[in-house]
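First comes the structure, then the notes that go with it.
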Amino acid sequence: MENEIIISAENLIKKYGKGEEEVTALNDVSLKIRKGEFVSVTGESGSGKSTLLNVLGSLDKPDSGRIMVGDTDLLTMKDNDLAAYRRKRTGFIFQTYNLIPVLNVVENIVLPLNLDNAKVDNDFLEELLELSGLKYKRNSFPHELSGGQQQRVAFVRALIHKPDIIFADEPTGNLDNKTSRDVIAILKNSVKKYNQALVLITHDLSVASQADSVYVMNDGILSQGGGLS
Ligand code: ADP
Ligand code: MG
């Protein structure tokens with residue numbers, strides 16, 4: 001039996017610029033994502049991948065279309081509700097780690113929960129620190145960590161509140177192969193264990209091909225398959 005649909009995007013259009021400079025970053029994109037589904041998106045630079053991720057993740061709005069999460073269209077939600085939805089139900093990982101320099105590893109990880117007055121599941125925190133090899137780095141500050149370790153912190157921060165959907169935009173873009181494999185394994189483990197949806201943008205075809213559904217963006221047009229098997 002197929003899992004329930006968690007997010008359904010319909011006919012998304014997003015243009016930037018005017019006249020000769022106009023770019024159609026999303027050209028009638030429709031996509032359904034199910035619980036527990038790992039979706040990968042590849043495509044050339046400038047093809048609209050980040051725009052798609054930001055729009056699906058409610059960081060940006062399309063010019064037209066609908067994004068249904070359950071019975072609610074994200075595009076009709078009030079800003080406060082949208083911010084709460086984003087904090088509680090989604091997790092984001094970007095190519096840059098965006099850690100707070102004056103906070104240590106654990107403080108960086110629990111910051112979003114603290115800002116939300118939400119309880120930290122300490123057992124889960126320990127499990128993630130162990131899984132990500134950060135157990136003995138828990139009191140370190142970002143500048144004391146390698147790039148790979150900093151990205152592991154960002155991964156744990158995106159997972160600690162057990163989001164329904166994880167959005168990752170080239171999260172392994174700055175990492176070596178071994179670290180990439182490790183962090184993708186942590187993500188996949190979380191997705192399976194907690195039945196989460198994962199939308200992952202990547203240039204790495206060996207990562208993309210591990211997905212349940214593989215999409216390719218081409219000049220704002222999303223298509224499935226993309227010649228990967
Ligand atoms: P990708 O992530 O696949 O590299 P993007 O989604 O970042 O592609 O960009 C898609 C297109 O939209 C590109 O032509 C880019 O220049 C343009 N674009 C993206 N963001 C903006 C913006 N804020 N203002 C103007 N143009 C933008
Ligand atoms: Mg991008």
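Atoms within a ligand are numbered from 1 in the order they appear, just like the ligands themselves.
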Look at atom 16 (O) of ligand 1 and say whether a protein heavy atom is found at less than 4.0 angstrom from it.
no
N/O separation below 3.5 Å, Val23 to ligand 1:
no
Considering non-hydrogen atoms of the protein only, which is the closest contact for atom 8 (O) of ligand 1, and what is the distance?
Gly48 N, 3.2 Å
Any heavy atom of Gly17 sitting closer than 4.0 Å to ligand 1?
no
Within 6.0 Å of CD in Glu22, more than 12 heavy atoms from elsewhere
yes
If you measure only the distance, is there a donor-acceptor pair under 3.5 Å linking the side chains of Ser47 and Asn218?
no
Give the contacting part of Glu44 toward ligand 1: side chain, backbone, both or neither, where contact means a heavy-atom distance below 4.0 Å.
backbone
Protein heavy atom at shortest distance from atom 4 (O) of ligand 1
Gly46 N, 2.7 Å
Closest to atom 3 (O) of ligand 1 among protein heavy atoms sits Lys49 NZ, 2.7 Å
With a 6.0 Å cut-off on ring centres, are Tyr97 and Phe155 close enough?
no
Using side-chain heavy atoms (C-beta onward) and a distance below 4.5 Å, is Arg87 in contact with Pro112?
no
Return the option from Val41, Thr51, Leu52 holding the heavy atom at the smallest distance from atom 6 (O) of ligand 1.
Thr51
Tell me if a side-chain donor or acceptor on Asn3 pairs with a main-chain N or O of Lys35 at a distance below 3.5 Å.
yes
Write out the residue and atom name of the closest protein heavy atom to atom 19 (C) of ligand 1, then the distance separating them to 0.1 Å.
Tyr16 CE1, 3.3 Å
I'd like to know if Ser45 contacts ligand 1, where contact means a heavy-atom distance under 4.0 Å to any ligand atom.
yes
Considering the heavy atoms of Ser50, write down every atom of ligand 1 situated less than 4.0 Å from one of them.
1 (P), 2 (O), 6 (O), 7 (O)
Short of 2.8 Å from the Mg ion (ligand 2), name each protein N/O/S atom, waters not counted.
Ser50 OG
Does the side chain of Ser190 come under 3.5 Å of the side chain of Gln196 through a donor N or O and an acceptor N or O?
yes
Expected output: side-chain Asn108 to main-chain Leu103 donor-acceptor under 3.5 Å
yes
Given salt bridge (Lys or Arg N to Asp or Glu O under 4.0 Å), test Asp60 with Lys14 step by step and report yes or no.
CA-CA 10 Å; Asp60 201 356; Lys14 174 123 186 133; 3.4 Å; yes
Crowded around Lys15 NZ? As in, over 12 foreign heavy atoms under 6.0 Å?
no
Is it the case that Asp204 and Ser206 place a side-chain donor and acceptor less than 3.5 Å from each other?
yes
Side-chain touch Glu144/Asn104, heavy atoms, less than 4.5 angstrom:
no
